Amino acid sequence: MQDAKAMRTNFIWDIIDADLAAGKNGGRIQTRFPPEPNGYFHIGHCKAICINFLTAERYDGLCNLRFDDTNPSKEETEYVEAIKHDIQWLGFEWTGGLYYASDYFPKMYELALRLIRNGDAYVCDLTQEEIRATRGTLTEPGTNSPYRDRSVEENLDLFTRMKAGEFPDGSRVLRGKIDMASPNMNLRDPVLYRIVHTDHHRTGDAWCIYPMYDYAHSIEDGLERITHSLCSLEFENHRPLYDWVMEKCGFTVEPPRQIEFARLNLTRTVMSKRYMRELVEGGHVAGWDDPRMPTIAGMRRRGYTPAALRDFVDRVGMSKADSVADIGLLEHCVRENLGDTAARAMAVLRPLKVVLTNWPEGQVDTLTLENHPDHPEMGERLVPFGRELYIEREDFMENPPKKFFRLFPGGEVRLKGAYIIRCDEAVKDAQGEVTELRCTVDLDSKSGGEGAARKVKGTLHWVHAADAVPMEARLYELLLNDEPADVEAEAEDEESAVGAARNKKDFISRLNPASLEIVRGFAEPTLGNANPGDRFQFLRVGYFTMDPDSKPGAPVFNRTVSLKDSWSKVAK
RNA sequence: UGGGGUGUCGCCAAGCGGCAAGGCACGGGACUUUGACUCCCGCAUUCGUAGGUUCGAAUCCUGCCACCCCAGCCA
């Protein structure tokens, strides 16, 4: 796939190069990808996965996979498994090892005791509301907690009893003793530990106090000897606290360097958990792996490839500027990758019968077609050809506009890999609907034959009717119609009922009612032997992958992405 | 209004004092037994803005403007 060492550099790698040049860490590089197992991954996670794993590869270093499971009320084993699967599917290995923050709980507890003994942390009895009220505001300093100056002995006693389960949830917390007047809110005596009497998916009821992110993350990085801790922009304000914990916990010899980068955003794609959950639970999609979902699972089922996703992340680039990548770039990457790797095949989505009046009744020829025009090594396949065929309904027009290269009364087209045919008559039903085309074949024009040199403007895909495989094709389009007219709505407080309702209404009104169209067509016989997950380019139609919903003899194909279509622009 | 960040073509993004890379999108053309692919050509006298320093600035300095993040016992 990608060669991390050959990739163009970015600001993060420039920093690492400088660190290396300065002789830091003895030339050792170690990163970590630290997800909280609280949901399914989406395309946005790909960026963080790529930068961490590729950085390790680039510098012959290691990358750890670490589940940051410090909040038992949100995490589940199901997500741990899904995340591991997604990372491996993308082609990465946690060369540095697999870790869980929860495995460090004993160590974190010991370090908390150390902070208390050193006078760097204290047990605070203020309620959540009181802590909030005394934290100050963006422009006013906070005020010290009345419990701030408790003795080490009292703190030790109280913290020990917190761990022992003597106090109810929310009654006390352990706080770092830093500076209630700091302009950085994170430094106003941040909570380090809270009491939560909830079973943890890995440690069960062994603990009832759990460390907070800022405290835990530093220790995790410190213990694993991470050299560069890469995270997203919103943690910039946390860096001073990250460094503070690192120092107070004794990770003072070349502590990890935290570097922040901008998250990946995509046009016409919303990736918040609340939004995705609403789509699933509201029945707007079939599930977390619905091919329209921005989840890795959805994209996988849609037929997107790991190579395409990684190429996309690479092309989007790495910077600190808030940005929104164009969904068109993702589709381009998918087309480019599939164009090179997917076997070609023919399938007709909306069939129109064609009868070749001068082709002998009952005669079936076997034609040989290439599986890929640029890769002869992908071989050839045999395709039957006979008197009755199906072509795409939209490839025929009774009264065509100029520049229409397809079939029309009196017009000629080549059938891909077969013969040139002329349309003699369009048979209609009582409603005037065209039901069948009667055509004549130019028997001298067979592909590969002597008369094949004759040129006609258009070439159509087709399927021999007698042994066509009936199939269901699911045609997907973007879930959202356009960008939000009111950007403010996106910034609405997710926690407030009003904000949530407004957002819900907002994105539901943006849902594209045509995001899924199911059509029943016919595929060439070869496709009857396909397996779920196989990817093809249906000539002139698009890239498709066989869905797991397929049954023997009744394949279902998901359209991964359409082919670029410059004709539709001309036609308009 | 405090602090931390970011502003280079429609969308991303290089650039780090010497005279604006590249990709996507878009427009034009060639080729084509996929109106696909491929291939040519075009696409910022200008770098949020106003000044300043300099022979010379997107790159240095100053002011201003815009946007993002921070007042969870979430991560």
Side-chain angles (χ1 to χ4, degrees), chain A residues 8-10 14 34-36 38 68 70-71 73-74 124 126-128 131-133 135-142 169-175 182-188 190-196 210 212-214 216-217 231-240 260 262 267 312 314-333 335-336 339-340 344 346 369 373-374 403-406 413-420 445 447-448 452 454-461 491 495 537-542 562-571:
Chain A
R8 65 191 164 129
T9 188
N10 57 54
D14 288 344
E36 178 185 23
N38 68 347
D68 213 354
T70 58
N71 184 349
S73 59
K74 292 191 171 185
C124 180
L126 255 26
T127 64
Q128 191 164 345
I131 287 181
R132 184 184 311 131
R135 183 147 33 216
T137 67
L138 296 179
T139 53
E140 306 158 47
D169 288 7
S171 57
R172 282 175 232 265
V173 292
L174 182 72
R175 291 229 252 171
S182 172
N184 183 336
M185 301 293 288
N186 295 302
L187 263 23
R188 320 247 263 226
V191 170
L192 268 24
Y193 263 97
R194 77 287 215 181
I195 300 172
V196 183
Y210 291 90
M212 296 289 288
Y213 166 84
D214 290 299
H217 210 83
C231 61
S232 45
L233 249 28
E234 66 267 31
F235 293 105
E236 271 182 318
N237 297 324
H238 296 244
R239 200 190 322 144
E260 310 84 10
T267 56
F312 170 65
D314 177 42
R315 294 207 205 196
V316 163
M318 187 60 65
S319 78
K320 295 190 69 147
D322 287 310
S323 59
V324 184
D326 193 328
I327 186 81
L329 177 60
L330 209 209
E331 296 187 335
H332 168 81
C333 293
R335 286 193 184 99
E336 187 173 88
D340 187 49
R344 293 326 71 148
M346 293 195 290
L369 274 77
D374 305 324
K403 305 275 249 176
F404 184 79
F405 300 156
R406 282 112 96 142
V413 295
R414 160 154 242 119
L415 293 180
K416 175 68 181 179
Y419 300 81
I420 290 173
S445 66
S447 286
R454 187 157 82 87
K455 301 294 182 192
V456 288
K457 279 296 207 176
T459 299
L460 308 183
H461 59 284
E495 301 297 85
Q537 183 200 88
F538 288 172
L539 248 42
R540 303 208 310 130
V541 177
S562 63
L563 249 33
K564 282 220 304 194
D565 178 13
S566 56
W567 161 244
S568 64
K569 291 170 189 165
V570 176

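As the structure is a computational prediction, the values presented were derived from the model and not from experiment. All values below were derived from every heavy atom in this structure, side-chain atoms included, with hydrogens, water molecules and symmetry-related copies excluded.
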* To do: Using the test side chain to side chain contact (heavy atoms under 4.5 Å, CB included), find all partners of A:Ser319 that sit at least two apart in sequence or belong to another chain.
  =>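 In terms of side chain to side chain contact (heavy atoms under 4.5 Å, CB included), with neighbours along the sequence ignored, A:Ser319 is linked to A:Ala321.
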Watson-Crick or G-U counterpart of [N], or none if no pair lies under 3.5 Å:
N: B:G2; result: B:C70
N: B:U33; result: none
N: B:C19; result: none

Shorter than 3.5 Å, N or O on both sides, protein versus nucleotides 1-8 of chain B: list them out with atom names.
residue, atom, partner, partner atom, Å
B:G2, N9, A:Leu138, O, 3.2
B:G2, N2, A:Pro183, O, 3.1
B:G2, N3, A:Leu138, O, 3.1
B:G3, N2, A:Asn237, OD1, 3.0
B:G3, N2, A:Asn237, ND2, 3.2
B:G5, O2', A:Glu236, OE1, 3.2

Which part of the nucleic acid, if any, lies within contact of [X], taking any heavy atom under 4.0 Å across all strands shown: a base, the sugar-phosphate backbone alone, or nothing?
X: A:Thr127; answer: base
X: A:Phe235; answer: base
X: A:Ser566; answer: sugar-phosphate
X: A:Glu36; answer: sugar-phosphate
X: A:Met318; answer: sugar-phosphate
X: A:Lys455; answer: sugar-phosphate
X: A:Ala216; answer: nothing
X: A:Phe404; answer: base
X: A:Gly448; answer: base
X: A:Leu126; answer: base
X: A:Gly170; answer: base
X: A:Arg188; answer: nothing
X: A:Val191; answer: sugar-phosphate
X: A:Pro34; answer: nothing

Write down the distance between [atom1] ([X]) and [atom2] ([N]), rounded to a whole number of angstrom.
X: A:Glu260; N: B:A75; atom1: CD; atom2: P; answer: 18 Å
X: A:Phe405; N: B:U34; atom1: CZ; atom2: C1'; answer: 14 Å
X: A:Asn186; N: B:C73; atom1: CG; atom2: P; answer: 10 Å
X: A:Glu234; N: B:A71; atom1: CD; atom2: C1'; answer: 17 Å
X: A:Tyr213; N: B:C73; atom1: OH; atom2: C1'; answer: 17 Å
X: A:Asp169; N: B:C74; atom1: CG; atom2: P; answer: 10 Å
X: A:Leu563; N: B:C37; atom1: CG; atom2: C1'; answer: 9 Å
X: A:Arg132; N: B:C74; atom1: CZ; atom2: C1'; answer: 13 Å

[X] versus [Y]: any side-chain heavy-atom pair under 4.5 Å?
X: A:Leu460; Y: A:Arg414; answer: no
X: A:His217; Y: A:Pro34; answer: yes
X: A:Glu36; Y: A:Asn71; answer: yes
X: A:Arg175; Y: A:Leu126; answer: yes

Selected nucleotide, minimal atom distance to [X] side chain, candidates [options]:
X: A:His238; options: B:U34, B:A71, B:A75; value: B:A75
X: A:Arg344; options: B:U34, B:A75, B:G72; value: B:U34
X: A:Val324; options: B:C74, B:G72, B:C12; value: B:C12

* Asked: Can A:Trp567 be said to stack with the base of B:G35, given centres closer than 5.5 angstrom and planes under 30 degrees apart?
  ->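 So yes, this residue stacks on that base, both cut-offs being met.
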* Asked: Taking atom types as they are modelled, is there a donor-acceptor pair under 3.5 Å from the base of B:U33 to the side chain of A:Arg414?
  ->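 Donor-acceptor pair under 3.5 Å: yes.
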* Asked: Any N or O donor-acceptor pair linking the side chain of A:His461 to the base of B:A36 at under 3.5 Å?
  ->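 Checked by distance alone, the answer is no.
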* Between A:Arg194 and B:A75, is there a side-chain N or O to OP1/OP2 distance below 4.0 Å? ->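 It does, given that an N or O in the side chain of A:Arg194 lies less than 4.0 Å from OP1 or OP2 of B:A75.
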* Asked: With A:Tyr193, which residues qualify under ring pair (Phe, Tyr, Trp, His ring centres under 6.0 Å), at least two apart?
  ->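 Counting only residues at least two positions away or on another chain, A:Tyr193 forms a ring pair (Phe, Tyr, Trp, His ring centres under 6.0 Å) with A:Phe159, A:Tyr215.
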* Got a sec, which residues hit ring pair (Phe, Tyr, Trp, His ring centres under 6.0 Å) with A:His461, two or more places apart in sequence or on another chain? ->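 Listed in chain order: nothing, the list is empty.
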* How would you label the glycosidic angle of B:G7: syn (within 90° of 0) or anti? ->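 Base orientation: anti.
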* N/O donor-acceptor pair under 3.5 Å between A:Thr267 side chain and A:Ile327 backbone ->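 Side chain of A:Thr267 to backbone of A:Ile327: a pair is present.
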Can you list the residues that meet the salt bridge (Lys or Arg N to Asp or Glu O under 4.0 Å) rule with [X], with sequence neighbours excluded?
X: A:Arg239; answer: A:Glu260
X: A:Arg188; answer: none
X: A:Lys74; answer: none
X: A:Arg344; answer: none

* Structure fact -> Contact string for nucleotides 21-31 of chain B, one letter per nucleotide 5' to 3', B = base within protein heavy-atom range under 4.0 Å, S = sugar-phosphate only, - = neither, reads --SS-S-----
